[in-house]
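Just below is one structure, and these are the notes that go with it.
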Amino acid sequence: MNEYGIPEVFESEAVGRLKVIYQDIKFVLKIPVVNFIFRTLANYPEFLEIAWNQVRPNMLTVNMEEAAKHLRYPNISAQVPDLNWNNYDDRKIQQQIEAILTVFNYVNPKLLLIASAWEEALSDRPIVPKKKSNGFLAPGIIQGFPSIELVHIPHVDPYMKDLLKDVAQAHHTYDVASDYRTLAKFPHFLGGIWPSLKTYIQGNEYQLLSAQLKSQSVQLIQREAPYPVHISKHQLKQIYEPSQIAGIMGLVAFFQSFLPGLIIEGEYMRRSLIRPH
C-alpha cells in the first residue's frame, strides 16, 4: 500500500477475494483499470464486496449505459487552449493520450452513478427500481482500449511530483485520480494543459457544472436503475465499528463530489486534442 495521499490497494497488491473482485470490476465496467474509488474502498473489503455486488447487475444493463451517456461530454463554454499539436511531431503520442482519455471519459460517468447509488442507499434513500431492464451488455474490456499504467507519485521526477501536488491542491484533495496518474507519463501534454485547466477549475462554470452532474446522477440512478441498491448503515453495523462506518460514508461522499469534476476535466482535455479542420 502506498504511503502517499489516501491509502489504497493497487491491483498489483490485491490478493485472494479482493483480486477476484478487481477483475470482475474491470470485466463489468469494460475497462482496463481498477479506479481510485475501488482502490480506496478496498481498505474496507467486506463493504466493497457487498456494495459492488449490489450495483453490479445494474452496471450490466442498457439502462445504466444510456444513463452514463447523459453525464458524458458536459457542455463546456470555455475556450480550450490550442496546444499546437499540428506542430508536434509525434502523432503516435497524441493517439496514446487520446486513447487514455477515451477510457476515463467512458468510465467516469459510470463511476459517478455507482457513487451516487451508494450515497443514496447509505443516506436511507435506497434505490428502488422503477423501470425494468432494457437489455444487457456483454461484459469484457472494450476492444481497442489501451492498457493503463499508473505512476506512483513518490517515484516520479520533481517536476511531475510538483505538478501532481498542484492538481491535488486545486481539487482540495489529499491525492490525485487515476486519470492524472496515467497522463503523468506525458509531461508535454499534462504540463501544457494544466495551467489553463487549473484556471477553469477555479471558475464559476466548473462549480455549476459539477453540481449539475452530481444532481443529475442521483436523478438518473433513482429513475433508471432496474435493480435495487439498499446497503444500509444498519447492515454495516454487523461488520464495522462506528468509526469505520464513518470512514466508509466519508469516502463515498467524497467520490460522489469528486467525480463530476473529473468528467468535466476529461472533456476539457479531450477538446484540446481536437485538431481544427
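We number each residue from 1, following the sequence as shown.
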Please report the interatomic distance [atom1]([X]) to [atom2]([Y]), rounded to the nearest 0.5 Å.
{"X": "Gln216", "Y": "Leu113", "atom1": "CD", "atom2": "CG", "value": "9.5 Å"}
{"X": "Leu111", "Y": "Leu71", "atom1": "CG", "atom2": "CG", "value": "11.0 Å"}
{"X": "Leu236", "Y": "His234", "atom1": "CG", "atom2": "NE2", "value": "10.5 Å"}
{"X": "Gln256", "Y": "Glu119", "atom1": "CD", "atom2": "CD", "value": "5.0 Å"}
{"X": "Leu183", "Y": "Met160", "atom1": "CG", "atom2": "CE", "value": "9.0 Å"}
{"X": "Ile25", "Y": "Ile21", "atom1": "CD1", "atom2": "CD1", "value": "7.0 Å"}

Per-pair distances, 0.1 Å, donor-acceptor, side chain in residues 258-267, under 3.5 Å, sequence neighbours excluded:
residue	atom	partner	partner atom	Å
Glu265	OE1	His171	NE2	2.9
Glu265	OE1	Tyr180	OH	2.5
Glu265	OE2	His171	NE2	2.9
Glu265	OE2	Tyr206	OH	2.4
Glu267	OE1	Arg270	NE	2.8
Glu267	OE1	Arg270	NH2	3.4
Glu267	OE2	Arg270	NH2	3.0
Glu267	OE2	Arg271	NE	2.7
Glu267	OE2	Arg271	NH2	3.3

Next on the checklist: Assess whether a salt bridge exists between Lys110 and Glu65, defined as any Lys/Arg side-chain N lying under 4.0 Å from an Asp/Glu carboxylate O.
Outcome noted: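 Salt bridge present between Lys110 and Glu65.
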Next on the checklist: One thing to verify: whether Lys19 and Glu11 come together as a salt bridge, which I'm taking to mean a side-chain N less than 4.0 angstrom from a carboxylate O.
Outcome noted: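 Result for this pair is no, no salt bridge flagged.
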Item to check | Ring-face cation contact, Tyr227 with Arg56, 6.0 Å cut, 45° max | outcome: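 Judged by the rule, Arg56 and Tyr227 form no cation-pi pair.
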Return the minimal non-hydrogen interatomic distance between [X] and [Y], and the atom names on each side.
{"X": "Ser178", "Y": "Leu150", "value": "O-CD2, 3.6 Å"}
{"X": "Pro228", "Y": "Asn58", "value": "O-ND2, 4.4 Å"}
{"X": "Tyr159", "Y": "Gly191", "value": "OH-CA, 3.3 Å"}
{"X": "Ala117", "Y": "Val229", "value": "O-CG1, 4.0 Å"}
{"X": "Asn63", "Y": "Lys132", "value": "ND2-O, 3.1 Å"}
{"X": "Lys233", "Y": "Leu122", "value": "NZ-O, 2.9 Å"}

Per-pair distances, 0.1 Å, donor-acceptor, side chain in residues 47-54, under 3.5 Å, sequence neighbours excluded:
residue	atom	partner	partner atom	Å
Glu49	OE2	Arg17	NE	2.8
Glu49	OE2	Arg17	NH2	3.0
Trp52	NE1	Asp24	OD2	2.8
Asn53	ND2	Glu49	O	3.1
Gln54	OE1	His230	N	2.7
Gln54	OE1	Ile231	N	3.0

Next on the checklist: So for atom CD, which belongs to Gln238, do other residues, nucleotides or ligands contribute more than 12 heavy atoms lying within a distance under 6.0 Å?
Outcome noted: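 Above 12, so yes.
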Next on the checklist: If you count every heavy atom of other residues, nucleotides or ligands that lies below 6.0 Å from Glu241 atom CD, does the total exceed 12?
Outcome noted: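 Counting neighbours around CD of Glu241, 12 or fewer heavy atoms of other residues, nucleotides or ligands fall under 6.0 Å, so no.
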Next on the checklist: Under the rule for salt bridge (Lys or Arg N to Asp or Glu O under 4.0 Å), what residues qualify as partners of Asp157, not counting sequence neighbours?
Outcome noted: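 Result, salt bridge (Lys or Arg N to Asp or Glu O under 4.0 Å) vs Asp157: none returned.
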Next on the checklist: Taking salt bridge (Lys or Arg N to Asp or Glu O under 4.0 Å) as the definition, give me every residue that meets it alongside Lys237, ordered by chain and number, with sequence neighbours left out.
Outcome noted: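 Once residues adjacent in sequence are excluded, Lys237 has no partner under the salt bridge (Lys or Arg N to Asp or Glu O under 4.0 Å) criterion.
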Next on the checklist: With no hydrogens and no angle check, just 3.5 Å: does a side-chain donor-acceptor pair link Glu8 and Thr40?
Outcome noted: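 Not at all, the side chains of Glu8 and Thr40 share no donor-acceptor pair under 3.5 Å.
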Checklist entry - Among side-chain atoms of Ser116 and Lys214, is any donor-acceptor pair under 3.5 angstrom? => result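 No, because no side-chain N or O of Ser116 sits under 3.5 Å from a partner of the opposite role on Lys214.
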Examine distances only and state if a side-chain atom of [X] and a backbone atom of [Y] form a donor-acceptor pair shorter than 3.5 Å.
{"X": "Ser196", "Y": "Ile193", "value": "yes"}
{"X": "Gln207", "Y": "Asn204", "value": "no"}
{"X": "Gln222", "Y": "Arg125", "value": "yes"}
{"X": "Thr173", "Y": "Gln169", "value": "no"}

Next on the checklist: Is there a side chain to side chain contact (heavy atoms under 4.5 Å, CB included) between Asn108 and Asp179? Walk through the geometry before answering.
Outcome noted: CA-CA 10 Å; Asn108 282 337; Asp179 317 38; 2.9 Å; yes
Next on the checklist: Within the structure provided, determine whether Arg223 and Leu220 are in side-chain contact (heavy-atom separation under 4.5 Å).
Outcome noted: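 SC-SC contact between Arg223 and Leu220 confirmed.
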Next on the checklist: Could you check whether any side-chain heavy atom of Val62 comes within less than 4.5 Å of a side-chain heavy atom of Ser133, counting everything from C-beta outward?
Outcome noted: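 No - every pair of side-chain heavy atoms lies 4.5 Å or more apart.
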Checklist entry - Do any pairs count as a side chain to side chain donor-acceptor pair (under 3.5 Å) and have a residue in residues 138-151, sequence neighbours left out, and if so which ones? => result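 Residue pairs with at least one partner in residues 138-151: there are none.
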Item to check | Qualifying side chain to side chain donor-acceptor pair (under 3.5 Å) pairs, either residue in residues 68-78, two or more places apart | outcome: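 Sorted result for residues 68-78: Glu66-Lys69, Ser77-Glu205.
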Item to check | Phe38 vs Ile114, side chain to side chain contact (heavy atoms under 4.5 Å, CB included): CA-CA, chis, key distance, verdict | outcome: CA-CA 11 Å; Phe38 304 116; Ile114 290 171; 4.2 Å; yes
Next on the checklist: One pair to check against side chain to side chain contact (heavy atoms under 4.5 Å, CB included): Met269 and Leu197. What are the steps and the verdict?
Outcome noted: CA-CA 8 Å; Met269 288 189 274; Leu197 180 52; 4.2 Å; yes
